[in-house]
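These notes concern the structure reproduced below.
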2 protein chains.
Amino acid sequence: MGATKTEHFTIDQNELALLMKALAHPARLAIIEFLLKTDSCICGDIVNELPLAQPTVSQHLKELKNVGLIKGNIEGNSICYCIDVETWKHYETVTNKLFAQLKKKKTNCC
Amino acid sequence: MGATKTEHFTIDQNELALLMKALAHPARLAIIEFLLKTDSCICGDIVNELPLAQPTVSQHLKELKNVGLIKGNIEGNSICYCIDVETWKHYETVTNKLFAQLKKKKTNCC
DNA sequence: CATGTTTATCGTAATATTGCAATATTAAAA
DNA sequence: TTTTAATATTGCAATATTACGATAAACATG
């Protein structure tokens with residue numbers, strides 16, 4: 001065991017879980033916050049911002065890219081990483097749906 | 001290695017990461033969705049709703065309880081699990097801050 | 001009190017994640 | 001072309017997560 005039984009759950013549940021998992025690490029949240037804060041698209045010195053080795057940062061960037069939260073464009077020698085607004089819009093819609101359901105709930109039962 | 005270097009990140013980043021991690025599993029999302037859908041507070045038959053063994057479900061419930069997303073009240077023989085609205089309000093505030101920053105951003109640079 | 005029901009915990013196997021040193025790759029610069 | 005800079009990939013060790021059988025604990029009911 002040790003592997004999530006994805007096949008027993010809905011596509012939506014698995015998709016949202018993957019998105020959450022991508023954000024479930026302080027380093028990756030720090031990357032996102034940095035990219036949000038920086039108005040111009042910073043090309044590469046994310047490594048200097050983080051207290052982690054370059055290969056580790058590269059791996060975290062890859063995970064964020066895999067779920068589409070960020071994208072990276074080759075800019076000559078270096079790479080321009082930035083937020084992928086489309087995915088974030090989708091993510092916002094999905095989480096808002098959760099919060100909307102929450103508001104429909106009656107008072108706490110416990 | 002294998003352990004997250006929490007000490008190098010902010011309290012907020014670590015806290016949000018833990019919340020995300022709690023939601024980063026389809027079974028736990030399924031539990032949350034079930035508790036949201038069910039208006040009356042269902043006492044216990046969450047196990048029957050999920051395609052997982054009882055100890056596994058119990059473990060997932062514990063994780064959700066640890067971060068405060070749900071709470072469980074002993075109701076005689078069984079236990080009444082339900083959404084903890086306070087934590088969800090906090091969660092909504094934090095994620096809304098992220099989305100707000102997103103909207104302030106100029107057009108995609110890449 | 002004995003029995004069944006419900007939930008939690010323990011122990012353990014399988015797998016995933018995190019982090020980094022070493023190395024490869026790519027493209028600019030000298 | 002050699003060197004330098006930026007990023008990715010590989011390989012591996014340490015740790016965490018997921019899942020479940022076996023068992024315990026708590027309580028209701030006969």
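These numbers come from the heavy atoms of this one structure, side chains and all, not from hydrogens, waters or symmetry mates. Since we're looking at a predicted model, the values are computed, not measured.
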Checklist entry - Taking the side chain of A/K21 as heavy atoms from C-beta outward, which of C/dA16, D/dT7, C/dA21 is closest to it? => result C/dA16
Item to check | Short side-chain N/O contact from B/T56 to OP1 or OP2 of D/dC20, under 4.0 Å | outcome: yes
Short N/O separations, protein against nucleotides 24-30 of chain C, under 3.5 angstrom:
none

Checklist entry - Would you call the rings of A/F99 and B/Y91 parallel, tilted or perpendicular if under 30° counts as parallel and over 60° as perpendicular? => result perpendicular
Next on the checklist: For B/R28 and A/V47, find the nucleotide of DNA chain D closest to each by heavy atoms; which residue's nucleotide sits nearer the 5' end?
Outcome noted: A/V47
Next on the checklist: Evaluate A/E49 against A/K37 for salt bridge (charged side-chain N to carboxylate O under 4.0 Å, His left out), listing each step before the verdict.
Outcome noted: CA-CA 12 Å; A/E49 286 288 318; A/K37 195 174 54 190; 5.1 Å; no
Checklist entry - Would a 4.5 Å heavy-atom cut-off, applied to side chains only, mark A/T87 and A/V67 as touching? => result no
Item to check | Which nucleotide in D/dA6, C/dG19, D/dT9 has an atom nearest any side-chain atom of A/K62 | outcome: D/dT9
Checklist entry - If every non-hydrogen atom of B/I70 is compared with every non-hydrogen atom of B/Y81, which pair is closest and at what distance? => result CD1-CD2, 3.8 Å
Item to check | Phosphate contact (D/dA8 OP1 or OP2) by A/Y81 side-chain N/O below 4.0 Å | outcome: yes
Checklist entry - Of all the nucleotides listed (D/dT17, C/dA8, C/dA21), which has the minimum atom distance to the side chain of B/S58? => result C/dA8
Checklist entry - Picking from D/dT18, C/dC20, C/dG19, which would you name as closest to the side chain of B/E63? => result D/dT18
Item to check | Residues within residues 9-19 of chain A bordering DNA chain C, heavy-atom distance below 4.0 Å | outcome: none
Item to check | Short side-chain N/O contact to C/dT17 OP1/OP2 from A/H60, under 4.0 Å | outcome: no
Item to check | Nearest-nucleotide pick for B/A3, side chain only, options being D/dT15, D/dA19, D/dA22 | outcome: D/dT15
Next on the checklist: I'd like to know if B/Q54 reaches the base of C/dA8 with its side chain, counting only an N/O donor and acceptor under 3.5 Å.
Outcome noted: yes
